[in-house]
Amino acid sequence: MGAGSGLSWPGILRLGLVQTALGAIVVLTTSAINRVMVVELALPATLPGVLVAVHYAVQMLRPRMGYGSDMGGQRTPWIIGGMAVLAVGGVVAAAATAMMGEAPVAGLALALVAFVMIGLGVGAAGTSLLVLLAALVVERRRPAAASIVWIMMIAGFVLTTAIAGRLLDPYSGPRLISVSAGVSVLAFLLALVAVWGIEKRHAPVQAPVTAERAPKPAFRQALAEVWAEQDARRFTVFVFLSMLAYSAQDLILEPFAGQVFGMTLGETTRLASMQHGGVLAGMVVIALVGSFASGTRLGNMRAWTVGGCLAAAVAVSMLIVAGQVGPGWPLGPSYFLLGLANGAFAAAAIASMMLMVGKGRERREGVRMGLWGAAQAIAFGLGSLAGAMALDGARMAFADEATAYGAVFVADAILFIAAALLALRIGTYGQRSAPGYGAVPTAAVGS
């Protein structure tokens, strides 16, 4: 295939299977194993929270992993190696959880090792996959490709939880290990088939710089060079702020509906389902816009990123009003609109990563993507904890539950607005902006 045509839609779907496989392993460790620790083993809920935080903290190494793939010139070995480490980590996590019933200390030590492996695997495979997509997909298809692979990861979440949920009943340690091993092996094989040979058969849309044309710098030098790029630096801060706001909602939306509106567990679960449905709908919107409106004002990813953040701020503000109005408020549509805004801005931001990753010093694509991935991981790790801590603090300050939740929602809305203002200033200088991201004249979107 020529360099001009890039990867076909079937090829994009094929690489998306790697995200499906990655999501299948991750969701089993963060949902099923989390539930087993808290319910079946009656362990403190803080324990799985710390383990998940460890897997996010390890992903601070994403820039170093991206640097390694930059210097090696190939992304496939990092994807396969990352998936192998992730698959083994998933099995070890299940074994550690089963061990905790009889030997809690040994089980916890093994679980720490497992979640370090999970973080390393996600970081290596996820970073290199996005860089490979950006290299093989022409720019007009990148927004749609970004949405597609993320939707396929969510599909991995849904499929795995639906099937594994049935296989795990009734719970036993050996059953948990068996199911986890089966999911990990199948996921690794799926990723292996999906990525095998695709990098060799498809020429990158922009030819990579060879080792003869540029020396190999030290990692610190490469990272400093990327951080010195104004747009890369601003985009890193944007990713952190926006994803911090995104993840800060996770642990407070269902309790808000339960405590302020008196909803049952089943009712709040259905609300969460509506919100996730909105997220998927938002991602689908970006995929469609990226497919049919690329290169036009409608297809400008910066506009969608800014608009999605502002819409999320409005949706969060609606929940503040909802708390004051009470049971008469249409809470379901509010949750759906919040999910829709979150999905749209998140997919547009991921598309922007793929559009901007090659804009700057050559042979720094992996470092650049790794830096943004690390910012996202840190934000996810801190966001849920920050949201929960802010709620506890607000409860101490305000006697009324609705006012306490409202105070947290105000802070969340401010984070979204700050992220939107920062996104406006990315790609507005010179001609460095990527088509589809900053291609709209700066006067149209602010400066």
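Judged by distance alone, the side chain of Arg142 and the main-chain N or O of Ala134 form a donor-acceptor pair under 3.5 Å. A donor-acceptor distance shorter than 3.5 angstrom exists from the side chain of Trp372 to the backbone of Ala232, with no hydrogens or angles considered. Thr127 contributes no side-chain N or O that, together with a main-chain N or O of Ala124, makes up a donor-acceptor pair within less than 3.5 Å. Between the Arg14 side chain and the Val193 main chain, a donor and an acceptor come within less than 3.5 Å of each other. Using a distance-only test at 3.5 Å, with no hydrogens or angles considered, a donor-acceptor pair links the side chain of Ser69 to the main chain of Gly66. At distances below 3.5 Å, at least one donor-acceptor pair connects side-chain atoms of Arg175 with backbone N or O atoms of Leu167. Looking at Arg64, its side chain never comes within 3.5 Å of a backbone N or O of Phe219 through a donor-acceptor pair. The backbone N or O of Leu371 lies less than 3.5 Å from no partner atom in the side chain of Thr236, so there is not a single donor-acceptor pair.
Atom-to-atom distance recorded for Ser242:OG and Phe235:CZ is 7.5 Å, nearest 0.5 angstrom. Taking CG from Leu241 and SG from Cys309, the interatomic distance works out to 9.5 Å, rounded to the nearest 0.5 Å. With values rounded to the nearest 0.5 angstrom, Tyr335 atom OH is found 11.0 Å from Met274 atom CE. Taken to the nearest 0.5 Å, the OH atom of Tyr246 stands 9.5 Å off from the CD atom of Gln376. Expressed to the nearest 0.5 Å, how far CZ of Phe345 lies from CD1 of Ile350 amounts to 9.0 Å. Put simply, CG on Leu7 and CG on Leu133 are 7.5 Å apart, with the number rounded to the nearest 0.5 Å.
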> Run the salt bridge (charged side-chain N to carboxylate O under 4.0 Å, His left out) check on Asp70 and Arg75 step by step: do they pass?
Replying inline: CA-CA 8 Å; Asp70 283 342; Arg75 314 295 173 179; 2.9 Å; yes
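Of all non-hydrogen atoms in Ala379 and Leu244, the two that sit nearest each other are CB-N, 3.6 Å. Minimum heavy-atom separation, Phe115 to Thr29: CZ-O, 4.0 Å. Counting all heavy atoms, side chain and backbone alike, Ala111 lies closest to Ala96 at N-CB, 3.4 Å. Closest approach of Leu319 and Ser334 over heavy atoms only: CD2-CB, 4.0 Å. Of all non-hydrogen atoms in Leu17 and Met152, the two that sit nearest each other are N-CE, 3.5 Å. Across Ala377 and Gln59, no two heavy atoms sit closer than the pair CB-CB, 3.6 Å.
A 4.5 Å side-chain heavy-atom check between Leu271 and Leu253 finds every atom pair outside the cut-off. At a threshold of 4.5 Å between non-hydrogen side-chain atoms, the residues Gln249 and Val316 count as touching. Between Phe416 and Asn342 the shortest side-chain heavy-atom distance falls below 4.5 Å. No side-chain heavy atom of Val367 sits less than 4.5 Å from a side-chain heavy atom of Met71. For the pair Leu340/Val279, no side-chain contact is recorded, criterion being any heavy-atom separation below 4.5 Å from C-beta on.
The neighbour count for Trp196 CH2, taken as heavy atoms of other residues, nucleotides or ligands under 6.0 Å away, does not exceed 12.
Partner of Leu129 under the side chain to side chain contact (heavy atoms under 4.5 Å, CB included) criterion, chosen from Leu15, Val195, Leu22: Leu15.
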